[in-house]
S.K.: 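One structure is given below, represented as C-alpha cells, and several questions about it will come after.
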Amino acid sequence: MSPLNMPGRNGLLALIATIMVLPLMLPNAFYFDIVILIGLNSIVCIGLNLLIGYAGQISLGHAGFFGIGAYFSAILTSTYGWPATAAMVVGAVVVGLLSFIIARPIMKLQGHYLAMGTLGLGVIITIVLTQESDLTGGPDGMPVPGFSIFGWEPYGETVWYWIIAAVLVATVWLSLNLIASPVGRALRAVHGSEIAAETLGVNVVKYKVLVFVLSAIIASLAGSLFAHYTGFITPDTSGFIHSIQLVTMVVLGGMASTFGAVAGAAILTILPQLLTVFHDYEHLVFGAVLIGTMIFMRRGLVPTLADLFNGRQK
Amino acid sequence: MTLLRVENLSRSFGGIKAIDDLSLTIRPGPIHSIIGPNGAGKTTLFNLISGIYKPGGGRIVLEDADITGHAIWRLAELGLARTFQNLQIFFNMSAIENVMVGMHLKSDSRFITSLFRTPGIVKGDQDKREEAIRLLEFVDLGDYLDADTDSMPYGALKRLEIARALATQPRIIMLDEPAAGLNPAETVAIDGLIQKISENGITVILVEHDMRLVMGVSEHIFVLEGGRMLAEGTVADIRNNPDVVAAYLGESGRDR
C-alpha cells in the first residue's frame, strides 16, 4: 500500500506543484505577502470547513480562536520571553481547552441559535483582547517578535512562503485523510441526519465537540503563525468581520470540499487587491461578485466545477 | 424466551397519553408486527424503544439489561437497529458510505489513526466496503453502490435504510412503515426482504399500514389503540378478534 494511494491525491499533487512553481511567477515581496496570507487563511478555512462543510455546524466566532492564538504568541514571546514554539503550543492548548468547555453547551444549539452563540463567543474574545490593554496593548495592538524554532529565525517573505506552504500541505493532507476515515464518515453523518447517525451508534455530541475543538486549534495555530509573520497584531484579528470573512471563504469555495476551502481563501484574499482598479466602487463590485457566485454556483466553486468536469448536472 | 420486554410503559404529550401503561414481550426469532389506527402510538412506541423519547414511566428490558433512558447511540451496541417512517438518509454521502456509517461501532474510530490514515484504517475501510457491497446486494441495490443518494428513487432509499440498519449487525431490527409510499411490486419485494432478514436470525419488529404485507409476513401481531394493547396473537387470532375487527379492520377485514 503506497502512502500516495489516498483520497484527493491528484488535488494534493496539483496543490504541491502549484506551490513549487508559484515563486517563479511572483515578481516581488508584495505578491509573496498576498500568497502567504492566502496560505494562512486556507489553513483556518480547512479547519472551519470540517466544522461547517462536513459536520454541518456553523461558527461565526472562529476569528476569536485565531486571535487567542495570535495574542498568546505575542504576549508570551514579547512580554515573558518565551520561545515562540512553546508560546504557540500553549496558545493552542488554551484554545483547545476553552473550545472543549464551550463546545458541549454551544453545540446543543442548532441553526440560527448556534450562529448567535458562536457570534457572541467571538465578540466576547474581542472585548477581552481590547480591554486587557496592560497585556494586549488594547485597541492599538501590539508588536510581535519574529518566529524562532530550534534557534533558527526565519525572516523575509520567501522563507515564510515555504513555512506556510509546508503547513498548508500538511493540513490539506490530514484533512483529506480524516474525511475519508470512519471519523470523517461519522462527521458527515451528523450533518446528514443526527437522529439516524445516533441510532447507528455514532455519539453525535462527541463528534460535534471533536470537530469544534479541532477547527478551533487549527485556527489558533494559524493565528500564532500570522502574529509572528506580520509582526504586529490588533484585536481586529479576532473580530466579527474576520469571522465572517472566514465563513465566506468556506461557502464561496464550496462546503464539504477541502480544496474548496483553499480556493475560497485564495479568491477572497486576491479579489480585494484586484478590485482596487475600480476605486470608489471596489466594495460594490466585490459584493456583486459574491452574490453572482452564490446565485450561479450555489454549492460553491470547487464542487460546482468538479461536477461540470465530471459531466454531472445538478 | 424473551428478547425484548416492555413493562408498563407510559408516555404523554401535553396531556395526551400516546402510550398508556403498555406491556409487551418480543421473543427472539419470529416477525412481530405492531398495527393500529393512526395515532394509536406505534411510532411513539418505536421512538421509546430506540431511546429517542424518554418514557414517562415503565421499563424497557433487552434480554436482561434495563435499557430505559439509555443514550440512543448505546442501543446500537446492544443490537437494536431501526429505520424511519420519513427517510433519514445521509444525503451528503453515497449509498455505500451510508451503509459504512452503519459499521461505525466496528470501525477504528480513533482520531489519530484516522488523521494519519494508518494501514489499519485503509485495511478496515476496504473490509467495510466489501461488507457494505454485500449488504447492498442483499437488499437488491447492487446497481447503486456509489450512487449519489439524492438521485436515487424513493423505493431504493427505503431499502438503503434497511441495509444501513443491518450494517450494525442487530439482533432486533425495527422497521417503521417500510412499505409506505411504495407501489405494489415494490411492496412485494419488501415482503420478500423482510422474510430474508428474518431467515438470517434477526428478529423483525414491523410497524406497517399495508395489511396484506402484515398478514402475510407476521408470526405475532400486536394491535394498539389509544396507546393501549387492544389485542395480540397470531394472524388468525387477530383476524377473528371481534374487538380488532370493529376497531380497526372494519367490515372488509372479515372477508380477507
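Below, read A as the first sequence line, B as the second, and so on, with proteins coming before strands; counting in each chain starts at 1.
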S.K.: State whether a side-chain donor-acceptor pair under 3.5 Å links A:T199 with B:R82.
M.R.: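 On atom types as modelled, these side chains do not qualify, holding no pair under 3.5 Å.
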S.K.: What part of B:M93 gets within 4.5 angstrom of chain A, counting heavy atoms only: side chain, backbone, both, or neither?
M.R.: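 Contact with chain A involves the side chain of B:M93 alone.
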S.K.: Return the option, out of B:D125, B:L80, B:D108, with the maximum number of heavy-atom pairs under 4.5 Å with chain A.
M.R.: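 Looking at each of B:D125, B:L80, B:D108 in turn, B:D125 comes out on top.
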S.K.: Let's test your reading of the structure: which of B:S151, B:G51, B:S114 forms the most heavy-atom pairs below 4.5 Å with chain A?
M.R.: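 Most heavy-atom pairs within the cutoff with chain A belong to B:S114.
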S.K.: Looking at chain A, which one of B:V101, B:T113, B:I89 has the largest number of heavy-atom pairs inside 4.5 Å, strictly under?
M.R.: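 The answer is B:V101.
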S.K.: Between B:L75, B:L105, B:L115, B:T168, which residue shows the highest count of heavy-atom pairs closer than 4.5 Å to chain A?
M.R.: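 Ranked by contacts with chain A, first place is B:L115.
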S.K.: Counting heavy-atom pairs under 4.5 Å with chain A, which one of B:M103, B:K128, B:E97 comes out on top?
M.R.: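 The residue among B:M103, B:K128, B:E97 with the greatest pair count is B:E97.
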S.K.: Where on B:F84 is there a heavy atom nearer than 4.5 Å to chain A: the side chain, the backbone, both, or neither?
M.R.: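 Looking at B:F84, just its side chain touches chain A.
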S.K.: Please determine whether a side-chain nitrogen of the Lys or Arg among B:K158 and B:E186 lies less than 4.0 Å from a carboxylate oxygen of the Asp or Glu.
M.R.: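 Salt bridge absent between B:K158 and B:E186.
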S.K.: Among A:A256, A:A180, A:G201, which residue forms the greatest number of heavy-atom pairs with chain B at distances under 4.5 Å?
M.R.: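 Of the options given, most contacts go to A:G201.
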S.K.: Measure distances from A:I179 to the heavy atoms of chain B and classify the residue's part below 4.5 Å as side chain, backbone, both or neither.
M.R.: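 Neither; nothing under 4.5 Å.
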S.K.: For A:F212 and A:H62, take the angle between the two ring planes, folded into 0 to 90°, and tell me which bin it lands in: parallel under 30, tilted 30 to 60, perpendicular over 60.
M.R.: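 Perpendicular.
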S.K.: Can you tell which part of B:R164 gets under 4.5 Å to a heavy atom of chain A, answering side chain, backbone, both or neither?
M.R.: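 Both backbone and side chain.
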S.K.: When you measure from the side chain of B:R171 to the backbone N and O of B:L78, does any donor-acceptor pair fall under 3.5 Å?
M.R.: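 Judged by distance alone, yes, a pair lies under 3.5 Å.
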